[in-house]
Amino acid sequence: MSIQTAGEQKYYDFIEERVKKLRTGMIVWGSLLGVAFIGMFSDVRLALILASVGIALAILNLKSQQALKGKLEGIEDKEEFFRQLADTDLVEVKEARLMITKDYVLGMKEDVFVYSFSEMDKVEVGLQGKVGKTLFLTDRQGIRHEIMSCVKDDGKQEMFDKIYGVLSERV
């Protein structure tokens, strides 16, 4: 795969952390399989255990790689999506690991998520007592997708309000 536009570069820079974790996983399962192969000459049982663990990790890693590649499958016009990532109206909040374009929200938590505003019904704030609050996008099926959360005195309140305002304008 070759990167052709500034928007594509922005996207791949955004998911770089997730890609690094997947590459590290590949190194781990590859190493386990290599050690299992070498271990076959001294302790077959240990080699089988290592090979089993390596194969299990390989399967999980390959599925995660496929899932990451599939994040953009729901986007009909990828050229427009990447153009929006390079556009001047992009709202990027690095502290929250969010990018908000005219038509999409991209976020990074344990994994990458991409939500289209056309599939969303509303923006909601869920209160966690007096301690904190969580920002959600709710789709047309009523499923809430957590965008970010903050707790009292964590310094994220201003950022939370900014993101809420931007999302409210675009949904």
For [X] and [Y], work out which heavy atoms get closest and say how close.
| X | Y | answer |
| --- | --- | --- |
| A86 | G7 | CB-N, 3.7 Å |
| G39 | A47 | C-CB, 3.7 Å |
| T134 | S149 | OG1-CB, 3.5 Å |
| I75 | V114 | CD1-CG1, 3.9 Å |
| D154 | Q157 | OD1-N, 4.1 Å |
| L50 | A36 | CB-CB, 3.8 Å |

Atom pair [atom1] ([X]) and [atom2] ([Y]), whose distance is rounded to the nearest 0.5 Å:
| X | Y | atom1 | atom2 | result |
| --- | --- | --- | --- | --- |
| K63 | I59 | NZ | CD1 | 7.0 Å |
| K71 | L106 | NZ | CG | 10.5 Å |
| D139 | K122 | CG | NZ | 10.5 Å |
| R23 | Q65 | CZ | CD | 9.0 Å |
| S64 | L57 | OG | CG | 10.5 Å |
| L98 | I163 | CG | CD1 | 4.5 Å |

| task | Run the numbers on V93 and M148 for side chain to side chain contact (heavy atoms under 4.5 Å, CB included), then give the verdict. | result | CA-CA 11 Å; V93 187; M148 77 168 293; over 6 Å; no

Let me check something: do [X] and [Y] share a hydrophobic cluster, defined by ILVMFWY side-chain heavy atoms less than 4.5 Å apart, either directly or through other members?
| X | Y | result |
| --- | --- | --- |
| I49 | I38 | no |
| V28 | L60 | no |
| V19 | M99 | yes |
| M159 | V131 | no |
| V125 | I147 | yes |

| Hydrophobic cluster of I143, others only, ordered by chain and residue number, side-chain cut-off 4.5 Å | none

| task | Please identify each residue that fulfils salt bridge (charged side-chain N to carboxylate O under 4.0 Å, His left out) with R170, with sequence neighbours left out. | result | none

| said: Taking salt bridge (charged side-chain N to carboxylate O under 4.0 Å, His left out) as the definition, give me every residue that meets it alongside K21, ordered by chain and number, with sequence neighbours left out. | reply: E17

| Does the side chain to side chain contact (heavy atoms under 4.5 Å, CB included) test come out yes or no for L137 and V123, once each step is laid out? | CA-CA 5 Å; L137 279 176; V123 178; 3.7 Å; yes

| task | Give every residue pair that meets the side-chain hydrogen bond (donor to acceptor under 3.5 Å, both in side chains) criterion with at least one member in residues 75-84, sequence neighbours excluded. | result | E80-R83, E80-Q84, R83-D87, Q84-T101, Q84-D103

| ring pair (Phe, Tyr, Trp, His ring centres under 6.0 Å) contacts in which one or both residues fall within residues 132-171, not counting sequence neighbours | Y115-H145

| query | According to the ring pair (Phe, Tyr, Trp, His ring centres under 6.0 Å) rule, which pairs have a member within residues 24-82, sequence neighbours left out? | reply | F37-F41, F81-Y104

| query | Quick one: are L72 and Y11 in side-chain contact, heavy atoms under 4.5 Å? | reply | yes

| query | E8 side chain to T5 main-chain N or O, any donor-acceptor pair under 3.5 Å? | reply | yes

| said: side chain to side chain contact (heavy atoms under 4.5 Å, CB included), that's the test. Do E146 and R144 meet it? Break it down for me. | reply: CA-CA 6 Å; E146 182 179 331; R144 298 169 90 191; over 6 Å; no

| message | Take a 6.0 Å sphere around CZ of R140 and say whether it holds more than 12 heavy atoms from other residues, nucleotides or ligands. | response | yes

| request: Give the intermediate values and the outcome of salt bridge (charged side-chain N to carboxylate O under 4.0 Å, His left out) for residues E158 and K162. | output: CA-CA 6 Å; E158 189 175 310; K162 175 185 175 183; over 6 Å; no

